[in-house]
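Working notes, structure below.
What you see is a predicted model; the values in this text were computed from it and never measured. Side chains are part of it too, since the values below use all heavy atoms of this structure and drop only hydrogens, waters and symmetry mates.
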Amino acid sequence: ATRVIIMWAIHYCPPKLKSIPITRSAEKPSSTMANLPARHRPNTSPAPSNCFQPSPKYFFEISKAIFHLEDPIGDSIIVPSLILSEKASLKDKVVFSGEGADEIFSGYIHHQFLGLESHLKSIIAKESWKYWAQKVNMIPLSFFNFLFPYPAHLGSQALKKLHSHLLNENQDPLRHLQLISLFNHSEEEDIFSAPLKIPQTFSSYWNSMEGQDFHFLDKLKRFDLFFWGRNYTLHRLDRLTMANSLEARVPFFDHHLIEFMLKIPASKLYHPIDPKLFFRKSLSSTKLPQEVIRRKKQAFYLPIEKVFS
């Protein structure tokens, strides 16, 4: 999504656009920019200065990020986001971001998983579902790591969370929050001095969509845009860029685009293998290079196991 935003900005905002990629040392930079005609190629900072070298020094970046966030957000993306904004701020004051594409195109892994789960539940008898859900913890962890679309690996705790989720018959918003939460219930009891309470607004908003002929994925998208997009994605991006006096623009969060995407049934966007197939097809008539359109979804994250091992 970020690459698409870069290409869009090159077309409409030539010729001084800059691209500042940050990659881990083991990764090869994309050849997208090198393949562009010289007049359309953005200025790119030298690769070595932007190469992400896992190091214990990044441990101290976490406290800095949380200070600026004013929230203990437990997400490995906060450190590389802070580092990226620091490097971008050396010469620039306004930046584009691809944030928002996963929200409007239902590209998050929990959208894909919950959508598949909702479909299977509609065709599998309740007792059969309970039976097979109890067998999940007997499946080798390597199988789930093979399916997991991110560079990191799932651990035994993730398998336990999945098992608990499949057996949980709570209301949809509660199951959704428990699946994406950082800690399980027993860990929360050990960490926090008082029990965590899920705001009543979560259930109220979800229930307000009942009776409106919404598919489950339509409700999930609206729920995430209303809470996750506003209270996490935009909050994180704004705080971590403004920490370095940067103004971040997010074209995918343009209200005209969001309003248009909400008119398209989520069932037409959902694809179990390629979560952004609709997005790719919508770009086919543009002048974007096929390398950009076909580019596989990549996670932007901090390899915690390498940095803090």
When hydrophobic residues are tied together by side-chain contacts of less than 4.5 Å, even through go-betweens, does Tyr131 share a cluster with Leu162?
no
Nearest 0.5 angstrom please: Trp129 CH2 to Gln134 CD, how far?
12.5 Å
Applying side chain to side chain contact (heavy atoms under 4.5 Å, CB included), run through Met209 and Asp218 and close with a yes or a no.
CA-CA 9 Å; Met209 293 185 281; Asp218 289 309; over 6 Å; no
Give a yes or no on this: more than 12 heavy atoms of other residues, nucleotides or ligands lie within 6.0 Å of atom CZ of Phe260.
no
Is the side chain of Ser89 donor-acceptor paired with the backbone N or O of Leu246 at a distance under 3.5 Å, no angle test?
no
Rounded to the nearest 0.5 angstrom, the CD-OH distance for Glu103 and Tyr232 is 9.5 Å
Nearest 0.5 Å, please: how far is CG in Leu159 from OG in Ser164?
11.5 Å
If every non-hydrogen atom of Pro251 is compared with every non-hydrogen atom of Leu257, which pair is closest and at what distance?
O-CD2, 4.1 Å
Only one of Leu217, Leu225, Asp224 passes side chain to side chain contact (heavy atoms under 4.5 Å, CB included) with Lys221, and that residue is Leu225
Closest heavy-atom pair and its distance - Phe253, Gly100
CE1-CA, 3.4 Å
So Ile124 and Trp132, side chain to side chain contact (heavy atoms under 4.5 Å, CB included) or not? Walk me through it.
CA-CA 10 Å; Ile124 298 176; Trp132 289 110; 5.5 Å; no
Hphob cluster co-occupancy, Ile109 + Leu120, side-chain heavy atoms under 4.5 angstrom
yes
Is the distance between the ring centroids of Phe252 and Phe279 under 6.0 Å?
yes
Can you find a pair of side-chain heavy atoms, one from Ile78 and one from Arg239, that are under 4.5 Å apart?
no
Spacing of CD belonging to Gln112 relative to CG belonging to Asp102, to within rounding of 0.5 Å:
9.5 Å
Quick one: do Leu82 and Asn244 satisfy side chain to side chain contact (heavy atoms under 4.5 Å, CB included)? Show the steps, please.
CA-CA 8 Å; Leu82 183 64; Asn244 294 284; 3.8 Å; yes
Anything under 30° is parallel, anything over 60° is perpendicular, the rest tilted; go ahead and classify His110 against Trp228.
tilted
Any non-hydrogen side-chain atom of His235 less than 4.5 Å from a side-chain atom of Leu69?
yes
Within the distance-only criterion (no hydrogens, no angle test), does the side chain of Asn207 pair as donor or acceptor with the backbone N or O of Ser203 below 3.5 angstrom?
yes
How close do Ser97 and Glu99 get, heavy atom to heavy atom, and via which atoms?
OG-CG, 3.0 Å
If Ile, Leu, Val, Met, Phe, Trp and Tyr residues are connected whenever their side-chain heavy atoms lie under 4.5 Å apart, and connections chain through other members, are Leu116 and Phe143 in the same group?
yes
Check for me, please, whether Ile83 and Leu90 land in the same ILVMFWY cluster - side-chain distances under 4.5 Å, paths through other members count.
no
Trace of the side chain to side chain contact (heavy atoms under 4.5 Å, CB included) decision for Val79 with Lys64
CA-CA 9 Å; Val79 170; Lys64 186 191 300 185; over 6 Å; no
So, do Phe144 and Val136 sit near enough that their side-chain heavy atoms are less than 4.5 Å apart?
yes
Value for CZ (Arg280) from CD (Gln290), rounded to nearest 0.5 Å, stands at 10.5 Å
Counting N and O atoms only, with roles assigned by atom type, does the side chain of Arg222 sit under 3.5 Å from a partner on the main chain of Tyr205, one being a donor and the other an acceptor?
no
Check this for me: Asp190, atom CG, are more than 12 non-hydrogen atoms of other residues, nucleotides or ligands nearer than 6.0 Å?
yes
Side-chain (Ser245) to main-chain (Met242) donor-acceptor, under 3.5 angstrom:
no
Smallest separation among heavy atoms of His163 and Ala133, with atom names:
CD2-O, 3.1 Å
Relative to each other, are the rings of Phe223 and Trp206 parallel, tilted or perpendicular (30° and 60° limits)?
perpendicular
Working to the nearest 0.5 Å, report the span between CG of Leu283 and CZ of Arg294.
12.5 Å
So if you build clusters from Ile, Leu, Val, Met, Phe, Trp, Tyr with side-chain heavy-atom gaps below 4.5 Å, do Ile123 and Phe113 land together?
yes
